[in-house]
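First the structure, in the form of structure tokens, and then the observations on it.
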There are 2 protein chains.
Amino acid sequence: MTDGRRESTYAVVARDVRNRILQGAYADGRRLPTEAELAERHGVSRQTVRRAFQDLVAEGMVYRVPGRGTFVTRRDEAYLRQFGSIDDLMGLSVDTRMEVTAPLRRLVDVTAASRLRLPDDVVHSLTFRRSHDGRPFCVTTVSVPPAVGAVLASVPELTVAGAGSRTTIIGLLDARLPAPIAEADQSITVAPADPATATQLGCPAGDPLLRIDRLYSDTAGRPVELAVSHFLPELYSYRTKLRRDRHA
Amino acid sequence: MTDGRRESTYAVVARDVRNRILQGAYADGRRLPTEAELAERHGVSRQTVRRAFQDLVAEGMVYRVPGRGTFVTRRDEAYLRQFGSIDDLMGLSVDTRMEVTAPLRRLVDVTAASRLRLPDDVVHSLTFRRSHDGRPFCVTTVSVPPAVGAVLASVPELTVAGAGSRTTIIGLLDARLPAPIAEADQSITVAPADPATATQLGCPAGDPLLRIDRLYSDTAGRPVELAVSHFLPELYSYRTKLRRDRHA
DNA sequence: CGTTATTTGTGCGTATGTATT
DNA sequence: AAATACATACGCACAAATAAC
């Protein structure tokens, strides 16, 4: 990835505004700078600023009112991001940081193995923490079949505790597996923080967390990864856009 | 209100292309007309055609490749960027029962009003409980702009506390509003049960619940309904399927 | 009450760049 | 190498909604 192409001007403007929003610069429903102000600040035309806002509106980050201005659609200080597709999840790495807390290793996990539809109870597993702006907001445990684990073993960042990275596991897998990842079954519920997770998130054990399980499958329908994540609800909410079905 | 505003030129172009796609005109992965062709066909500038395509791309209807052209996003490969759809939600009523606990009434709610983008703080609101197999699992508070509230006031089941029904609010609205409901922004997080909600769900106050906010908008992008639901996590988990959305 | 300034929305023209065929 | 097609960027003019006076 990383894609050596030059980043377009409007993308730079959009990223700048997005970062300021995430840093809370326009917190209490205050108005964002006008198109004209942003154009001058970045030394670009008003049209380029408008193009940047189109993306931010599409992401659900801001909304605009003719004659009034542009406003953040934020809920509290939650870390907002539009998820709804696998590619969105892969994009998660752009502004968060991941830190391995339990490196990739072989272990016996009956539950994970059965959800991965494995013939025995051996899986390869690792646990990491994700932070935004230096604050941890999510702990994820990933379990994969041994064959997939062998593929991941060649990625040094995953085999050393404390290593940092900006990648996502599905991004790594997608590039290394013979068949691409095609879909994921997802389940969202509430679960109390177990002691280990609480320590990593810096919250009291037993605190309610948002738990998201995702079982990824490749194009052949084979399960390739089970990810169980626990999010701090103060810092993260899961957002998506629902649309109408096509065809009646 | 029917929205007497003129439909913008690019919206007309987008709708035309969308309709042709839905009628199967460009079914088998064939290329869509080029920007220049569409510009001439509609007698507009190439920029206007581009603006129309920006919407279609954002909807996930088409994808574009520089130098090659524009193509329909096929359902089997990608298309639905989302998991559940609004029509799935409308089908919710089939096996659950809804019971009004606070009938439709006018009240001042700054938060709801601002999320509905209303100029003042007055909304119409009602609260109901949803049960499955006789066990309540969800409490929902719906807030709508006064104009929409007037439409709902003609539905007797919503104006009487204790009334039961099997409908959904969006189902009612969709049939009665001038513009159909087109999409919803959804946010999922964890929230403790407030006393009133706890009583209705039969759980201790303060217990962690799964909270789902949905802001529905019509085809003009105007917010028409805000629904805030609290679910008992033991009885309900939110499940979806994620799919790929781009073409590798 | 209209008037005016501000701010976003629409529409188009032009030029240039990049990817594909 | 040339033609085609989409992408970016800037400019301008005017419309429409809002807010302040």
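Numbered from 1 within each chain, the chains take letters A, B, ... in sequence-line order.
Side-chain N/O atoms of Arg68(B) include none lying less than 4.0 angstrom from OP1 or OP2 on dC6(D). In this model, the phosphate group of dA7(D) is not approached by any side-chain N or O of Ser8(A) to a distance below 4.0 Å at OP1 or OP2. For the OP1/OP2 pair of dA9(D) and a distance below 4.0 Å, the side-chain nitrogens and oxygens of Thr9(A) include at least one atom meeting the criterion.
Listed by chain and number, the residues in a side-chain contact (heavy atoms from CB on, under 4.5 Å) with Asp109(B) are Leu107(B), Thr111(B), Ala112(B), Val123(B) (sequence neighbours excluded). Contacts of Phe128(A) classified as ring pair (Phe, Tyr, Trp, His ring centres under 6.0 Å), with partners at least two apart in sequence or in another chain: none. By the ring pair (Phe, Tyr, Trp, His ring centres under 6.0 Å) test, Phe231(B) is found to be paired with Tyr236(B), residues two or more places apart in sequence or in another chain being considered. Residues meeting the side-chain contact (heavy atoms from CB on, under 4.5 Å) test with Asn19(B), sequence neighbours left out: Arg15(B), Gln23(B). Residues that satisfy the side-chain contact (heavy atoms from CB on, under 4.5 Å) test with Thr101(B), not counting sequence neighbours, are Thr127(B), Arg129(B), Gln200(B).
Sorted by first and then second residue, the pairs that involve residues 60-71 of chain A and meet side chain to side chain donor-acceptor pair (under 3.5 Å), not counting sequence neighbours, are Glu35(A)-Arg64(A), Arg64(A)-Thr70(A).
Atom CG of Asp55(B) is separated from atom C1' of dG9(C) by 13 Å (rounded to the nearest Å). When rounded to the nearest whole Å, the span between CZ of Phe71(A) and C1' of dT18(D) equals 10 Å. Atom CD of Gln54(A) and atom C1' of dG11(C) are 13 Å apart (whole Å). Straight-line distance from the CG atom of Leu38(B) to the C1' atom of dC12(C): 17 Å, rounded to whole Å. In this entry the distance linking OH of Tyr63(B) with C1' of dA7(D) reads 18 Å, nearest Å. Between the P atom of dT6(C) and the CD atom of Glu37(A) lies a distance of 12 Å, rounded to the nearest Å. Rounded to whole Å, atom P of dT6(C) lies 11 Å from atom CZ of Arg31(A). With rounding to whole Å, Phe53(A) atom CZ is found 12 Å from dT7(C) atom P.
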Grab the N/O contacts between the protein and nucleotides 1-4 of chain C below 3.5 Å, and write none if there aren't any.
none

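Counting any heavy atom pair closer than 4.0 Å across all strands shown, Tyr10(B) reaches sugar-phosphate atoms only and no base atom.
Side-chain atoms of Thr34(A) lie closest to dT8(C) of the nucleotides dT10(C), dA7(D), dT8(C).
A heavy atom closer than 4.0 Å to some atom of DNA chain C occurs in Val44(B), Ser45(B), Gln47(B), Thr48(B), these being the qualifying members of residues 41-52 of chain B.
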| query | Run the side-chain contact (heavy atoms from CB on, under 4.5 Å) check on Glu225(A) and Val142(A) step by step: do they pass? | reply | CA-CA 7 Å; Glu225(A) 181 197 330; Val142(A) 167; 3.6 Å; yes
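The side-chain heavy atoms of Thr141(B) and Leu226(B), taken from C-beta on, include no pair separated by under 4.5 Å.
Base-pair partner of dA1(D): not found among the strands shown (Watson-Crick or G-U wobble, both distances under 3.5 Å).
When each of Pro66(A) and Arg64(B) is assigned the nucleotide of DNA chain D bearing its nearest heavy atom, the one mapping closer to the 5' terminus is Arg64(B).
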Indicate every side-chain donor-acceptor pair of residues 36-43 of chain A with a distance under 3.5 Å to a residue at least two apart or in another chain.
{"unit_1": "Glu37(A)", "atom_1": "OE1", "unit_2": "Thr34(A)", "atom_2": "N", "d": "3.1"}
{"unit_1": "His42(A)", "atom_1": "ND1", "unit_2": "Leu38(A)", "atom_2": "O", "d": "3.2"}
{"unit_1": "His42(A)", "atom_1": "NE2", "unit_2": "Asp16(A)", "atom_2": "OD2", "d": "3.3"}

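Using a distance-only test at 3.5 Å, with no hydrogens or angles considered, a donor-acceptor pair links the side chain of Ser45(B) to the main chain of Thr48(B).
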